[in-house]
Peer 1: 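Sharing a structure here in structure tokens format.
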Amino acid sequence: MAAPIEEKDPRIEGIASSIRVVPHIPKGGIMFQDITTLLLDPKVFRDTVDLFIERYRGKDISAVAGIEARGFIFGPPIALAIGAKFIPLRKPRKLPGEVISEEYVLEYGRDCLEMHIGAVQPGEHVLVVDDLIATGGTICAAISLLERAGAEVVECACVVELPGLKGRERLKDTPLYVLVESP
Amino acid sequence: MLLFKSLNCSSSHLQSPVPSSRFFPSVIVRTPRTLSIRRIRTNGSISMACTDDSRLKRIAASIRVIPDFPKPGVMFQDITTLLLDPQAFKDTIDLFVERYKGKGITVVAGIEARGFIFGPPIALAIGAKFVPMRKPKKLPGEVISEEYSLEYGTDKIEIHVDAVQSGDRALVIDDLVATGGTLSAAIRLLERVGAEVVESACVIELPELKGREKLGDSPLFVLIQAEGV
């Protein structure tokens, strides 16, 4: 069970305890934070989204960028509630139009994240959403894409952080907000 | 003119009786030539139809068609531009929520990946759980799989074994239905674990690809039909 990061909000405990930990996925020694069990509890899912909405409503955020695929689950409800557009950031060759790509390093090899050209305009304030931040590699690639298009990433929001993997440091000056930490 | 059963017959499979004023027309979008919009007027009050017409028009106009993706000859219906229009995105979700709220739906199952965009807002609004239906090897826990045919070869769709139970009433969501291969696999998978698939809902249908026939008796509801593909 993941540990709550904000003791004060009573909703956090329910969220933390709804996340299932699956050992040895994707490989031995790793404890996978499975948010699908959170999604099976309508009240907890509602609370999760509400916590983000309460933080970002009225903050002049015009776009929410969600990272494929689990960022697609949490990003859109936030975007809809705060009146922002939703931008899917995708693996290569999924987006049909003209894209910009950002390559990033994995433990073994590289991967790539893409965004449609024209999805965001220079000067827009954007929130990046994913279910979890580990090393921060993917989220850094997302920030890069948006900044290359001239947008300002005001914050990154995740349900879970794995602080031991130092993703927060990798994000440098870009603020990170999470609901739950898992050691 | 094509008439679609899910639009103009009673929705008795949706637990409670639906008053006639809840039905509304869909929009046919002819691509790529003209964007002429033709109404299929079912029953319903004029004010409801007008409201829904303007919402549907905006939704239809927000969808971008990309020729020759993923391969030559295919006209790809790109919903990412719909998502860039907050009003159109809200209207899309509202149209589904108005149809499914209060119908005893306990599960919204979204097909990876674009079903993950439309499914969760609907699930949240109607108080249902959200179940992601995924490509192989993405879900970390124990899964149950259903294979389906592609043009060349096969693919699989998976859910966690404990996600859906016998007695669950399910709504399946994806952005688009083409041949119906993925959607019918999703329905079979949910039925195998004992759920009742009340309806499948998509933003767009490509009627020429006969997905509705592939679904057989399983009801399908869409907002937009796109022709000329």
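Order of the sequence lines fixes the chain letters, A, B, ..., with proteins taken first and strands second; residue numbering starts at 1 for each chain. Every value quoted in this text rests on a predicted model; they were computed, and no experiment measured them.
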Peer 1: Counting only heavy atoms closer than 4.5 Å, note whether A:Phe32 contacts chain B via side chain, backbone, both or neither.
Peer 2: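 When you check distances to chain B, only side chain atoms of A:Phe32 fall under 4.5 Å.
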Peer 1: Please report the shortest heavy-atom distance between B:Pro86 and A:Lys85, naming the atom on each side.
Peer 2: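 Taking B:Pro86 first and A:Lys85 second, the nearest heavy atoms are CG-N, 3.8 Å.
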Peer 1: Kindly give the heavy-atom pair with the smallest separation between B:Ala113 and A:Arg90, and that separation in Å.
Peer 2: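 Nearest pair, atom of B:Ala113 first, then A:Arg90: CB-NH2, 3.4 Å.
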Peer 1: Heavy-atom distances under 4.5 Å only: say whether A:Leu80 touches chain B with side chain, backbone, both or neither.
Peer 2: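 Looking at A:Leu80, just its side chain touches chain B.
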Peer 1: Tell me, for A:Leu38 versus chain B, whether the close heavy atoms (under 4.5 Å) come from the side chain, the backbone, both or neither.
Peer 2: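 Interface part for A:Leu38: neither.
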Peer 1: Which of the residues B:Thr80, B:Ile66, B:Leu84 is involved in the greatest number of heavy-atom pairs with chain A at under 4.5 angstrom?
Peer 2: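 Highest number of pairs under 4.5 Å: B:Leu84.
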Peer 1: Is it the backbone or the side chain of B:Ala128 that comes under 4.5 Å from a heavy atom of chain A, or both, or neither?
Peer 2: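 Contact with chain A is through the backbone of B:Ala128 alone.
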Peer 1: Could you look at A:Pro96 and say if it's the side chain, the backbone, both or neither that has a heavy atom under 4.5 Å from chain B?
Peer 2: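 Both backbone and side chain.
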Peer 1: Grab the two heavy atoms, one from B:Phe130 and one from A:Leu40, that are nearest each other, plus how far apart they are.
Peer 2: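 Heavy-atom minimum between the residues: O-CD2, 4.1 Å.
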Peer 1: Heavy-atom cut-off 4.5 Å, strictly under: side chain, backbone, both or neither for B:Leu139 against chain A?
Peer 2: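 When you check distances to chain A, only side chain atoms of B:Leu139 fall under 4.5 Å.
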Peer 1: After noting the C-alpha distance and the side-chain angles of B:Val131 and A:Leu39, does the key distance pass the side-chain contact (heavy atoms from CB on, under 4.5 Å) rule?
Peer 2: CA-CA 7 Å; B:Val131 171; A:Leu39 307 173; over 6 Å; no
Peer 1: Under 6.0 Å from the NZ atom of B:Lys210, do we count more than 12 heavy atoms belonging to anything else shown?
Peer 2: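 Open.
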Peer 1: Checking B:Phe116 against chain A: side chain, backbone, both or neither under 4.5 Å from a heavy atom?
Peer 2: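 Contact with chain A: backbone and side chain both.
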Peer 1: So does A:Lys59 have more than 12 non-hydrogen atoms from other groups sitting under 6.0 Å from NZ?
Peer 2: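 Counting neighbours around NZ of A:Lys59, more than 12 heavy atoms of other residues, nucleotides or ligands fall under 6.0 Å, so yes.
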Peer 1: Given heavy-atom pairs under 4.5 angstrom as the criterion, report whether the side chain, backbone, both or neither of A:Val49 touches chain B.
Peer 2: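 Interface part for A:Val49: side chain.
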Peer 1: More than 12 heavy atoms of other residues, nucleotides or ligands under 6.0 Å from CZ of A:Arg93: is that the case?
Peer 2: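 At most 12 heavy atoms, drawn from other residues, nucleotides or ligands, come within 6.0 Å of this atom.
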Peer 1: Report which part of B:Phe76 has an atom under 4.5 Å of a heavy atom belonging to chain A: side chain, backbone, both, or neither.
Peer 2: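 For B:Phe76, the contact with chain A is made by the side chain alone.
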Peer 1: Inspect the surroundings of NZ in B:Lys138 and state if more than 12 heavy atoms from other residues, nucleotides or ligands are less than 6.0 Å away.
Peer 2: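 More than 12 heavy atoms, drawn from other residues, nucleotides or ligands, come within 6.0 Å of this atom.
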Peer 1: Answer with side chain, backbone, both or neither: which region of A:Lys94 has an atom nearer than 4.5 Å to a non-hydrogen atom of chain B?
Peer 2: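 Backbone only.
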Peer 1: Which of the residues B:Gly115, B:Pro120, B:Pro132 is involved in the greatest number of heavy-atom pairs with chain A at under 4.5 angstrom?
Peer 2: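 Greatest number of close heavy-atom pairs with chain A: B:Pro120.
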Peer 1: Hey, which of A:Arg20, A:His24, A:Glu68, A:Arg70 has the most heavy atom pairs under 4.5 Å with chain B?
Peer 2: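 When all of A:Arg20, A:His24, A:Glu68, A:Arg70 are compared, A:Arg20 has the most.
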Peer 1: Can you name the closest pair of heavy atoms from A:Val22 and B:Pro140 and give their distance?
Peer 2: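 Taking A:Val22 first and B:Pro140 second, the nearest heavy atoms are CG1-O, 3.5 Å.
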